[in-house]
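Here is the structure we will look at.
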Amino acid sequence: MECDDVTGGLEFDVESDDDDAINVQESDVLGDISDFWDDLAETSDDQRANPHTKQGSVTEGPNAENGLSRIALDDNKAGMDGLDKQKINDIIFSVSKGSRFYENEARKDEMARKRTERAVQELGRLKSLDLTTERSIVEQLCTKLEAQRDLSKVIVHVDMDAFYCAVEERDDPSLKGKAFAVGGTAMLTTASYAARAFGVRAAMPGYIALRLCPELKFVRPDHRKYSAASEEVRKVFQRYDPNFRPMSLDEAYLDLTPYLSMHPEDTPITVVSRMREEILSETGLTASAGIAANSLLAKVCSDRNKPNGQYFLPFDRESILEFVQALPVRKPPGIGKVTEQFLHALGIRTCKEIWDNRVYLYKLCSAASFDYFMRVVMGIGSSHEDRFGSGPDRKSISHETTFYPTSDATAMRATIRRLSHSLSVEMAEEKIKGNTVTIKLKRSDFRVFQKSKKLMRYLKMEDDIVAVALELLNDELQVNPGIELRLMGVRMSGLASSEVDKNVGIAKVSESSEYLGLIPKHLFSI
DNA sequence: ATACATACC
DNA sequence: TACTGGTATGTAT
């Protein structure tokens, strides 16, 4: 018998870290926007913001900058005023220290630190160079981006407040105001606002959360309930933008432009207020929203007045630049902990400082990263983002499972078969096929590996997927017998529709082999 | 083309 | 008692 499979079917799905209680008032940063754009025009000698001078003065204590920011409390999302971060981090570290998970995080952190260190060295060298040429290239790039600025659309990002917890609280009033979390002792998907006051967060292991908040209650996740609630919420979205783009059960982007042009008496603010009231009255759940000229900005705005609030960012360039440049680098979506640390090491802590150091970043980063940074700090949306209605098809589909670490090859193969089975079932439901199979392996020390194989034909049948996935696994077991795993996954990519287009006449063509060279690849479905 | 890393929910 | 599951994309080779 094959004894793979350990995790009791907990369907995790970490809800957005999003909201965090309280506050958020207009930051009074204000100031000299005036020379923001002017810098571009005149190739001025900015940069004197001299990144390095701030280096030494880290006030956040031992963990914040130098230590393991991966492990430390993520204080990005607002509303952490009454929180003793030092104490919380001490607890998190003392509980995690020495675990295999911790050691792996430390290893990854060290890798990233080395990369960053090279960039810091390089920055020092760049400082002594004449970057006139680069400056003008950057200027041109930014002028191109500026030409893409689109202030004509009204985009709103709606984000439900502590969604899973809110649903549970609605259905069980005894939870009201209590510190509880949805999830188990291994992993939390959502924390109630009362629990967040203790530093408890989504994506935090429950047993650590329990140290932070001994009275924490656990509620088992019930996805059907959340899906049902999400459906109700989406019915409201539908009324305002039939092409709304859901990002998860609790979050979506809407383009309100058409609605507003059909309702001249409305404003973005009144529409979103009404929409949030309808969500509340029809589902008993509160939502927060951000209204801005593009989805990137709207996303940042929706976090601003959470929970149960909304924030409107005016649709003029000056307001947008002022808003964006005051942001800490961690705020915009896409800049995570690693990139934040990278930027911090360069002395860059706000989006204004990204702008000020753009010539150095141009030299230090890849073209894609630089382009993204500039889009962020100029408040330009990313290029394809706000084309609603024609959402791109999914590019991959995968299943994975965590289990008690094992070296048992038979159990591993059984798990591959089981994952391939469920994958093929879902692929059938979705009517898709794929030509690339990837297996994912996580060793008991948490190091992750993957092996993939691109085929000349499309697969969708369980047995075919199993065959390729097993081949990949066996290759690895050859090279690395005795390897101990805690997770395996199977992914299919290179996807295409598996529905046969009846107009094309498969039978006719496939019977005459002389046409083979001309048959489009996608007709070779199996 | 493949492997690995980062990010988001 | 013990650090998820799913998808997309960027970076490196």
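Here is the naming used below: chain letters follow the sequence lines, and residue numbers restart at 1 for every chain.
By the 6.0 Å and 45° rule, K97(A) does not stack over the aromatic ring of Y102(A). Relative to the six-membered ring of Y193(A), R196(A) meets both conditions, a distance below 6.0 Å and an angle of at most 45° to the axis.
Look at K114(A) and you won't find any side-chain N or O under 4.0 angstrom from OP1 or OP2 of dA5(B). Within the structure, every side-chain polar atom (N or O) of R115(A) is placed at least 4.0 Å from both OP1 and OP2 of dA5(B). For dA2(C), one of the phosphate oxygens OP1 or OP2 lies less than 4.0 angstrom from a side-chain nitrogen or oxygen of Y404(A). Distances shorter than 4.0 Å separate none of the side-chain N or O atoms of K454(A) from OP1 or OP2 on dT2(B). The side chain of S398(A) places no N or O atom within less than 4.0 Å of a non-bridging phosphate oxygen (OP1 or OP2) of dG5(C). The side chain of R330(A) places an N or O atom within less than 4.0 Å of a non-bridging phosphate oxygen (OP1 or OP2) of dC8(B). Put simply, S396(A) has a side-chain N or O that comes within less than 4.0 Å of OP1 or OP2 on dA8(C). Taking 4.0 angstrom as the limit, S366(A) places a side-chain polar atom (N or O) nearer than this to OP1 or OP2 of dT11(C). Between dG10(C) and S369(A), no contact under 4.0 Å exists linking OP1 or OP2 to a side-chain N or O. In this model, the phosphate group of dT6(B) is approached by a side-chain N or O of R70(A) to a distance below 4.0 Å at OP1 or OP2. Within the structure, a side-chain polar atom (N or O) of T339(A) is placed less than 4.0 Å from OP1 or OP2 of dA7(B).
Taking 3.5 Å as the limit, the base of dC9(B) and the side chain of T189(A) contain no donor-acceptor pair of atoms between them.
Checking side-chain atoms of R211(A) against main-chain N and O of I208(A) turns up no donor-acceptor pair under 3.5 Å.
Nearest-nucleotide mapping onto DNA chain C: of A367(A) and F446(A), the residue sitting toward the 5' end is F446(A). Residue Y102(A) is the one, among H399(A) and Y102(A), whose nearest nucleotide of DNA chain C lies closer to the 5' end (criterion: closest heavy atom). Of the two residues near DNA chain B, K451(A) and H157(A), the one whose nearest nucleotide lies more 5' is K451(A). Residues F449(A) and G334(A) each lie close to DNA chain B; by heavy-atom proximity, the contact nearer the 5' end of the strand is made by F449(A).
Shortest non-hydrogen contact noted between A195(A) and L216(A) is CB-CD1, 3.7 Å. Contact record, L485(A) with M412(A): CD1-SD, 3.7 Å, taken as the closest heavy-atom pair.
As a whole-Å value, the separation of Q450(A) CD from dG6(C) C1' is 14 Å. A straight line from CG of N76(A) to C1' of dA7(B) spans 12 Å, rounded to a whole angstrom. The NZ-P distance, from K440(A) to dA5(B), rounds to 11 Å in whole Å. One interatomic measurement links the two molecules: CG of L188(A) to P of dT4(C), which rounds to 12 Å at whole-angstrom precision. Nucleotide dT1(C) holds its P atom 17 Å from the CD1 atom of I208(A), rounded to whole Å. Straight-line distance from the NZ atom of K108(A) to the P atom of dT6(B): 7 Å, rounded to whole Å. Look at CD1 on I397(A): it is 16 Å from P on dG5(C), rounded to the nearest Å. Regarding L487(A), its CG atom lies at a distance of 9 Å from the C1' atom of dG5(C), rounded to whole Å.
Counting non-hydrogen atoms under 4.0 angstrom, I335(A) reaches the backbone sugars and phosphates but no base. Within the 4.0 angstrom heavy-atom criterion, only backbone atoms of the sugar-phosphate kind lie near K442(A); the bases stay farther away.
Among the nucleotides dG5(C), dA8(C), dC3(C), the one closest to any side-chain atom of T402(A) is dG5(C). You'll find that the side chain of E251(A) is closest to dC9(B), out of dC9(B), dT6(B), dT4(C). Listed candidates were dT7(C), dT6(B), dT2(B). Nearest to the side chain of V338(A) is dT6(B). Each of dT6(B), dC3(C), dA3(B) was ranked by its minimum atom distance to the side chain of M187(A); first place goes to dC3(C).
Within residues 473-485 of chain A, no residue has a heavy atom under 4.0 Å from DNA chain C.
Across the C1' atoms, dA7(B) and dT4(C) are found 16 Å apart, a figure rounded to whole Å.
Looking at residues two or more places apart in sequence or on another chain, you find a side chain to side chain donor-acceptor pair (under 3.5 Å) between K453(A) and E471(A). Listed by chain and number, the residues in a side chain to side chain donor-acceptor pair (under 3.5 Å) with R330(A) are D74(A) (sequence neighbours excluded). Under the rule for a side chain to side chain donor-acceptor pair (under 3.5 Å), N104(A) has no partner lying at least two apart in sequence or in another chain. The side chain to side chain contact (heavy atoms under 4.5 Å, CB included) search around R115(A) returns M111(A), A112(A), R118(A), not counting sequence neighbours.
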- Evaluate the criterion side-chain hydrogen bond (donor to acceptor under 3.5 Å, both in side chains) for residue pair D161(A) and T286(A); output intermediate values, then yes/no. CA-CA 6 Å; D161(A) 304 320; T286(A) 63; 2.6 Å; yes
- Item | Under the 3.5 Å Watson-Crick or G-U criterion, the dot-bracket string of DNA chain B, with | for inter-strand pairs | |||||||||
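Classified by interplanar angle (parallel below 30°, tilted 30° to 60°, perpendicular above 60°), the ring pair F101(A)/F446(A) is perpendicular.
Residues F180(A) and Y164(A) keep their aromatic ring centres 6.0 Å or farther apart.
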